[in-house]
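These notes are about the structure you will find just below.
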Amino acid sequence: MRPKSLVDEAREIRLAGELIRLGARLQVLESETRLPRERLLRLYREIAGRSPSKGMLPFSTDWFMSWQPNVHASLFMNIYQALIRAAPVDSAEALAGAWRLYREQVEILRLEPVLSITRAWRLVKFFECRMLTMAECTRCRGQFVAHADDLLRGYVCGLCHMPSRAGKSRRAPPPTQH
Amino acid sequence: MKAEQLRDEIRELNLAYLVLAQHLLREDRAQALYRLGISETVAELIESLTTAQLLRIAASGVLVCRFSFDEDLVWNLLANYSREGTVPAGLHAAILAAGQRAAAAV
């Protein structure tokens, strides 16, 4: 399905360009814009200066459950939800905007982003199909990413109840490509 | 004299805050609403203010900005973060702060 008008198309190209600059994989662009694949491929090569990486995207909600990814995913999701509730933005704009705010927050804390924009996009999709949800911590009342089918009564977040090894390293490992 | 000085300080802070808000809104609207924690309606009002109105509001003697977080937990985490530089406290504060923004925007 092609964008209806030239103005729409220009808007989508601008958005796709921003997502590419933020490091999004091709699958994200295909899902978030209506631009044809060959145009996206050309745009990708022009902006990134290389062909997009091939292969499947990771498909697992479990990745978001281990301590460090969960904390970062929760930060991103809180920002994302605040953003979409505050202003009428479409999903690609919300994704790019929330991810930039997440990256900024992480940089202020002198950490590396653990969540790539592609991971963030997956996270939003998992929320949309209700595989993941926000659980409220019974201690700090914060909202944290959790499996939708888990028992969430009496939930305590990973920051109120820290596993002994968690958060020991000052710098996070470099962000993965996925 | 003291009261006069305080009024001046409030006026200057108001002016800086209003100008910053207008600047943020022009730069990126959605992000500005998030950062400022204001509604679309208030944003439109702030954007439409003329320089004369801006100056008058700044000098009204009332602070136009207020503290963002109602819960003392966020303040404690922020204070601990800046004192000890512990990453988990900083992340925890960031999550709770963003969560309060999300809850306020419903």
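In the text below, chain A, chain B and the rest are named by the order of the sequence lines, each starting its count at 1.
At a 4.5 Å heavy-atom cutoff, Arg29(B) makes no contact with chain A through either its backbone or its side chain. No part of Cys137(A) comes within reach of chain B, as not one of its non-hydrogen atoms sits under 4.5 angstrom from that chain. Only the side chain of Glu104(A) has a heavy atom closer than 4.5 Å to any heavy atom of chain B. Looking at Val71(A), both its backbone and its side chain come within 4.5 Å of chain B, counting heavy atoms on both sides. Using a 4.5 Å cut-off between heavy atoms, Ile108(A) contacts chain B through its backbone alone, with no side-chain atom that close. In this structure, the portion of Gln143(A) lying under 4.5 Å from any heavy atom of chain B is its backbone and not its side chain. For Ala103(B), the part lying near chain A is the backbone, with the side chain staying farther off; criterion is any non-hydrogen pair under 4.5 Å.
Within the 4.5 Å cutoff, the side chain of Glu12(B) has no heavy atoms near those of the Glu9(B) side chain. Looking only at side-chain heavy atoms (C-beta outward), Glu9(A) and Ile13(A) come within less than 4.5 Å of each other. Taking the side chain as every heavy atom from C-beta outward, Gln81(A) and Met134(A) approach each other to under 4.5 Å.
Among the candidates His92(B), Gln100(B), Arg101(B), the residue making the largest number of heavy-atom pairs closer than 4.5 Å to chain A is His92(B).
A donor-acceptor distance shorter than 3.5 angstrom exists from the side chain of Glu12(A) to the backbone of Arg34(A), with no hydrogens or angles considered.
Taking the six-membered ring where tryptophan is involved, the planes of Phe144(A) and Tyr155(A) are tilted, since the angle between them lies from 30° to 60°.
Note that CG of Asn70(A) is 12.5 Å distant from CE of Met77(A), once rounded to the nearest 0.5 Å.
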